[in-house]
Amino acid sequence: MSHDAQADATADTPVRPPAASPLEAAVEAAVEATVNAGDIARLADVGRAAVSNWRRRYEDFPQPVGGTASSPLFSLPEVEAWLRRNGKSFEVSQGDRVWQRLRASADDLRLGEVLGEVGAFLLYTLRDPDGWKRLSAASDLAVRLPRAVARATADLPRRGGDATPVEPGVLRLVAGMSERHGAAGAFEFLCERYAEAHSRRLALTRPDVAALMTRLACAGAGTVLDPACGMGTLLLDAAAGAGGAADEVRLLGQDANETVALLAALRLLLRGRDARVVPGDALRHDAFPPDRPADTPGDALVDAVVCDPPFNERAWGHEDLVGDPRWQYGMPPRGEPELAWVQHCLAHVRPGGLVAILMPAAAASRRPGRRVRANLLRAGALRAVLTLAPGGPDLWLLRRPEPGERRPGAILVADAGDDPASVEPAWRAHLAGTEPPSGGRAVRIIDILDDEVDVSPARHLSPRADTQGFPAARERFREAAAALAGGVPELEVLTGAAAGWDASWATVAEMARSGLVTIRHSTLRALPADAPDGEAPQGRMSEREVPEGGVPEDGVPEGGVPVLTADDVAAGTAPSRRMPPAPGLVAVRRGDVVASAVTARVVTVEGAVLGPHLSLFRVDPDKVDPEFLAGFLRYAAGGGRPHLTSSRVEARRARVPQLPLEVQRTYGAAFLRLLALEDGLREAAAAGEALARLGAEGLVDGRLRPRG
């Protein structure tokens, strides 16, 4: 059924399937939520590009009801109705409906506060389920509920006054969601949605990195501190890593952002963890001072500290913290806040306890911080610097020295490459006093204590040489070089011009006027900013599906239409970009000649559209050989231009001899072999460069040696 037929067959009024339960019915009746393009893509299980296509292609797609021009919001019921009318499968879960209702109840700046109130309410229902049963039927719920929640959650970071910003009706929906998924599960779902909506404001630790940090630092720890805990990711992982002993681990956290500190506390307490999270700047207002009196001995010094601190924060309190007792390894320079966090963490861990802290890559080598780094090394506190990704961050592992213990003579440096977990075996080997596996190295501290005190792994590790790939690279080069000899066309040397060569010549423009060639130029000046990379599947769209003068409305491949770019023409490769369909795009057929400013080729793959700065020459195949024309266009683009005073290639002015078709084909075949020779030279050069690089790296790395 066509789109229009489907639209006619359905009413405009949104239609939903029958609700499965009274709760779902209440949810659906209450929801007047909005969604953005990302939400629609998630609900329909498509990419954002598909949603953009729908907005452009279908006039009846719901119009925005709010938001901004760059981030519009749509009515969820209207989007649901449109998806059903057009046969798009989708699913709006109960949790998503509750989340959209919450999102519609407050602006983005207050959304975290609303989520915190919901979490506090869930904690109240968990701690006092009978109280909630009694209170839920009360007529003055809006007055009594905030007081009841406040009494039951007094251990949370301080929130607003007696009034709650969340409507009681919404809280009833949340309670229903909790009955089905559990209080912790319901809140975690809403937190995930909150993190997705505020991904640019929240600095979340990558899950795999968080798991690695807690595995390395928190094994067997009874108390764990995160002084910049954010939403509590590292503390949650620390408890998860404790397995059956999770209930015995005391978790302490602090964060300068009051809202995320509240959310972290709720995530931990809803799971039944022994946790205490305090809002506030840990450097300026330390909530867990290590010199605290013995009335709270568990909070004085902890067994392990994990930390993902804010990077490059210049206003960290340098002037206010001069002489602070935490700076046992030297006053952190004004521009080195990360070294302040390192010492803050070390000051809170017991002697022998471990610290795992993420650091910017530059902190390992910046000149102002060399004195602190040197003192950390001399004291035996800095044990490992592990690069987790190109450009950082690095993971620093530190251990607070115990009085009188022997200081280590070396630290571990390692590069994880593409897998952060790959540094874990290197750390285990270093602790065992054995040689770290490939990618890691134990470096003598005395060799680092120079004028720079550079602990960057890149400084002390040899470049990674893929010496196992050397034989394959050598074979590729030999094959590419051998193919060159057979690619030279047999061209006969004449004493004069070839027969018929003095006949008439015509410019490409004249050929176009006589109907021998049709010329089309790309309508694109540039590709859309969000046009994805990716090689287009060859032959994905047939010629019938790509009509003259544009891209079809139906049959568009998922992800957009393939676009032939100037780089593709230069390299002779398949289309490498995609873009949403748009009016006026020039479709390419097999046998067309596509020219850029530097070269021209005959197209052998259909289904693409012409990219920016490209022209298309479609010949009459009964009169003009495309390879023959492409050869003269390449000559014009490569320097044999008929108008040498012009720096711009004007293909229309290129001159072509008027020869019989059979003769053209002979010359076209020779042009094609020369083009193949050019491509072969380029491939051989690339293979030769790769072979030389691998050979040199292998010799330097010691993993290759000369034979004999």
Side-chain angles (χ1 to χ4, degrees), residues 14 16 19-36 39 43 65-67 73-77 79-80 92-129 131-153 156 159-198 259 262-263 266-267 270:
R16 296 191 180 100
S21 68
L23 170 63
E24 291 187 354
V27 171
E28 293 176 0
V31 166
E32 288 298 340
T34 58
V35 288
N36 59 26
D39 296 327
L43 297 177
V65 297
L73 295 175
F74 305 86
S75 165
L76 175 58
V79 170
E80 288 180 273
V92 183
S93 67
Q94 181 194 43
D96 272 317
R97 292 189 185 281
V98 172
W99 163 248
Q100 298 301 343
R101 181 66 188 273
L102 284 176
R103 193 170 183 179
S105 68
D107 57 47
D108 276 358
L109 294 178
R110 295 183 61 244
L111 192 55
E113 179 186 345
V114 169
L115 185 57
E117 289 297 327
V118 168
F121 167 74
L122 286 170
L123 188 60
Y124 157 67
T125 63
L126 192 67
R127 291 177 171 177
D128 188 6
W132 164 242
K133 288 180 182 177
R134 292 192 301 272
L135 201 59
S136 61
S139 58
D140 56 347
L141 178 65
V143 176
R144 298 173 60 186
L145 181 60
R147 299 173 186 168
V149 172
R151 284 195 299 270
T153 60
L156 287 176
R159 307 193 308 280
D162 293 338
T164 175
V166 188
E167 298 175 7
V170 178
L171 293 179
R172 284 195 174 95
L173 301 180
V174 173
M177 183 181 173
S178 173
E179 290 175 3
R180 179 172 297 180
H181 304 286
F187 189 64
E188 196 62 29
F189 178 89
L190 298 175
C191 283
E192 288 178 6
R193 291 288 182 266
Y194 176 72
E196 291 171 2
H198 292 77
T259 298
L262 173 61
L263 299 181
L266 286 164
R267 293 178 76 191
L270 284 170

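We use all heavy atoms of the structure for the numbers below, so side chains are in, but hydrogens, waters and symmetry mates are not.
Considering only residues two or more places apart in sequence or on other chains, D96 meets the salt bridge (Lys or Arg N to Asp or Glu O under 4.0 Å) condition with R42, R193.
Within the 4.5 Å cutoff, the side chain of D128 has no heavy atoms near those of the R151 side chain. Proximity of L76 to L43: side-chain heavy atoms (C-beta onward) are separated by under 4.5 Å at one or more points.
Pairing each heavy atom of G95 with each of F189, the nearest pair is C-CE2, 3.2 Å. Nearest heavy-atom pair, S75 versus V65, reported as atom, atom and distance to 0.1 Å: N-CG2, 3.7 Å. Nearest heavy-atom pair across L156 and A120 is CD1-CB, 3.9 Å. The nearest pair of heavy atoms linking G112 to L263 is O-CD2, 4.2 Å. In this structure, A138 and R144 approach most closely via the heavy-atom pair CB-NH1, 3.7 Å.
Rounded to the nearest 0.5 Å, atoms CZ (R127) and OG1 (T153) are 7.0 Å apart. For the atom pair CZ (F187) and NE2 (H181), the distance works out to 15.5 Å, reported to the nearest 0.5 Å. One distance of note links CG of L145 with CZ of R147; it measures 11.0 Å at 0.5 Å rounding. Separation of atoms CG (L270) and OG1 (T125) is listed at 8.0 Å; rounding is to 0.5 Å. Going from atom CZ of R267 over to atom CG of L123 covers 14.5 Å, rounded to the nearest 0.5 Å. Between the CH2 atom of W132 and the CZ atom of R172 there is a distance of 5.5 Å, given to the nearest 0.5 Å.
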Verdict with supporting geometry, Y124 and L135, side chain to side chain contact (heavy atoms under 4.5 Å, CB included): CA-CA 12 Å; Y124 157 67; L135 201 59; 3.7 Å; yes

Full working for side chain to side chain contact (heavy atoms under 4.5 Å, CB included) between R103 and N36: CA-CA 11 Å; R103 193 170 183 179; N36 59 26; 3.5 Å; yes

Verdict with supporting geometry, L102 and Y194, side chain to side chain contact (heavy atoms under 4.5 Å, CB included): CA-CA 10 Å; L102 284 176; Y194 176 72; over 6 Å; no

